[in-house]
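The structure under discussion appears below in the form of structure tokens.
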Amino acid sequence: MLNIVLFGPPGSGKGTQAQGIIKKYHLLHLSTGDMLRAEIAAQTKLGLEAKTLMDKGELVPDAVVIGMIENKLDNNKSVAGFVFDGFPRTVKQAEALDALLEKHKAPIKVVLSLKVGEEELTKRILHRGATSGRADDQNETIVKNRVVEYRTKTEPLANYYAAQGKLKDITGEKPVEEVYASLCHEIDKVNTGSTHTH
Ligand code: AP5
């Protein structure tokens, strides 16, 4: 299985790049942000609880997102692999993911870390906010809070994956196609299995 983590701050291009990667390598996109927004749209209890935190730019509890990912892994056993986008976001989530993938004997192959400066992140997110309808894209205070959550809770994960020899830094402040080419280059180095690409 080709399991990839797309890692990086809000607005670094994880969702954008996931689209090309899943097509090329025939993988399943697992974005906890998208799953949570689907829960909000369906007005579930989980969604309503998550919305209060998401609208402020704060992380939702680990148990919530770990449970969602566990369901997806259990229900998609025959896929070629997964692209994890926006998950894991804490060391606890990373440990839980390693344990879940261990069960499937399919560890993470590579963690691709998109590097983008704070000024560019803010610019991208506020620009998207004009049309996205996302409450957390609407003002600079919330965007800053998302970045603070990332720096304090998520960035320490880089060391977790570096210690496993899986972390690859990618310059994300370039045109989408150039970033995509750099990501594919790193994926091809670890994709030694039978996954067909075109
Ligand atoms: P989530 O949905 O994961 O949002 P995020 O990480 O804040 O990321 P974004 O979707 O904003 O950015 P991205 O890196 O995917 O970039 P994108 O491609 O969209 O999380 C939202 C919330 O849900 C969290 O705050 C939290 O509350 C909760 N949550 C989710 N997962 C959780 C977890 N695991 N644990 C706890 N809580 C969780 O691009 C952004 C913009 O930039 C787009 O407009 C795009 O067109 C543009 N762009 C992309 N690439 C480029 C480029 N190269 N050049 C110019 N523009 C570009």
Side-chain angles (χ1 to χ4, degrees), residues 4-22 29-41 46-73 82-97 100 111-157 160 170-184:
I4 298 166
V5 174
L6 280 179
F7 187 76
S12 57
K14 304 181 295 293
T16 302
Q17 296 297 340
Q19 296 311 320
I21 293 171
I22 56 164
H29 183 204
L30 295 185
S31 156
T32 41
D34 287 350
M35 290 176 212
L36 289 166
R37 282 184 288 276
E39 295 282 342
I40 293 173
L46 188 157
L48 293 175
E49 281 167 15
K51 185 177 180 351
T52 319
L53 293 163
M54 288 171 75
D55 285 358
K56 290 188 281 187
E58 289 171 22
L59 296 188
V60 308
D62 287 332
V64 171
V65 284
I66 292 168
M68 292 193 312
I69 289 287
E70 185 168 16
N71 279 339
K72 292 284 181 188
L73 296 186
F82 299 98
V83 173
F84 297 96
D85 160 9
F87 180 91
R89 259 178 153 97
T90 62
V91 172
K92 185 136 187 249
Q93 291 177 24
E95 288 169 350
L97 180 59
L100 289 171
V111 176
L112 301 165
S113 171
L114 291 166
K115 306 297 240 188
V116 177
E118 207 156 318
E119 202 178 314
E120 171 73 9
L121 297 174
T122 311
K123 200 177 86 188
R124 286 186 190 177
I125 292 175
L126 292 179
H127 183 255
R128 179 178 59 186
T131 53
S132 70
R134 271 177 65 167
D136 60 347
D137 283 351
Q138 295 308 314
N139 71 59
E140 206 161 337
T141 310
I142 302 170
V143 174
K144 280 215 178 338
N145 202 29
R146 286 164 67 186
V147 174
V148 169
E149 287 279 88
Y150 175 79
R151 300 277 176 236
T152 52
K153 296 175 181 167
T154 307
E155 208 164 38
L157 268 182
Y160 177 91
I170 306 284
T171 306
E173 220 165 314
K174 284 188 180 170
V176 171
E177 303 71 31
E178 281 183 41
V179 179
Y180 177 65
S182 307
L183 292 167
C184 291

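Atoms within a ligand are numbered from 1 in the order they appear, just like the ligands themselves. Everything numeric in this text was worked out from a predicted model, so none of it was measured.
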* Asked: Can you tell me which residue and heavy atom of the protein come closest to atom 7 (O) of ligand 1, and the distance to 0.1 Å?
  -> Arg146 NH2, 2.7 Å

* Below 4.0 Å from any atom of ligand 1, is there a heavy atom belonging to Val176? -> yes

* To do: Would you check whether Gly15 has a nitrogen or oxygen atom less than 3.5 angstrom from a nitrogen or oxygen atom of ligand 1?
  => yes

* Compare every heavy atom of Arg134 with every heavy atom of Gln138, then report the nearest pair and how far apart it is. => NE2-O, 3.0 Å

* Asked: Going by the atom numbers of ligand 1, which of them fall below 4.0 Å from some non-hydrogen atom of Glu58?
  -> 26 (C), 27 (O)

* Atoms of ligand 1 less than 4.0 Å from Thr32 heavy atoms? -> 30 (C), 31 (N), 32 (C), 33 (C), 34 (N)

* Leu114 CG to Ile170 CD1 distance, which is reported to the nearest 0.5 Å -> 7.0 Å

* **Non-hydrogen atoms of Phe7 and Lys14 that approach each other most closely** => C-CD, 4.0 Å

* List the closest protein heavy-atom neighbour of atom 16 (O) of ligand 1: residue, atom name, distance to the nearest 0.1 Å. => Gly13 N, 3.0 Å

* Could you tell me whether Glu120 and ligand 1 have an N or O pair separated by under 3.5 Å? => no

* Decide whether an N or O pair under 3.5 Å exists between Ile125 and ligand 1. => no

* To do: Give the residue, atom name and distance (to 0.1 Å) of the protein heavy atom nearest atom 14 (O) of ligand 1.
  => Lys14 NZ, 2.8 Å

* Of all the non-hydrogen atoms in the protein, which one sits nearest to atom 49 (C) of ligand 1, and at what distance? -> Thr16 OG1, 3.4 Å

* Asked: Is it the side chain (CB and beyond), the backbone, both or neither of Val65 that lies under 4.0 Å from ligand 1, heavy atoms counted?
  -> side chain

* **Test item, Lys174 contacting ligand 1 (heavy atom, 4.0 angstrom)** => yes

* Asked: Considering all heavy atoms of both residues, which atom of Asp136 and which atom of Val143 are nearest to each other, and what is their separation?
  -> O-CG2, 4.1 Å

* N/O of Ser31 under 3.5 Å from N/O of ligand 1, yes or no? -> no

* Give the residue, atom name and distance (to 0.1 Å) of the protein heavy atom nearest atom 56 (N) of ligand 1. => Arg124 NE, 3.4 Å

* **N or O contact, Asp137 vs ligand 1, cut-off under 3.5 Å** => no

* Of all the heavy atoms in Gly8, does at least one lie under 4.0 Å from an atom in ligand 1? -> no

* Just which atoms of ligand 1 are under 4.0 Å from any heavy atom in Pro9? -> 14 (O)

* Asked: Is ligand 1 less than 4.0 angstrom away from at least one heavy atom of Arg134?
  -> yes

* Asked: Can you list the ligand 1 atoms lying under 4.0 Å from a non-hydrogen atom of Gln93?
  -> 33 (C), 34 (N), 35 (N), 36 (C)

* Has Arg37 got any heavy atom lying under 4.0 angstrom from an atom of ligand 1? -> yes

* Structure fact -> Closest to atom 19 (O) of ligand 1 among protein heavy atoms sits Arg128 NH1, 2.8 Å

* Quick one: closest heavy-atom pair of Leu6 and Val83, and the distance? => CD1-CG1, 3.8 Å

* How far is atom 12 (O) of ligand 1 from its nearest protein heavy atom, and which residue and atom name does that atom have? -> Gly11 N, 2.9 Å

* Structure fact -> atom 5 (P) of ligand 1 has as its nearest protein heavy atom Arg89 NH2, 3.4 Å

* Polar-atom distance check: Val60 versus ligand 1, any N or O pair below 3.5 Å? -> yes

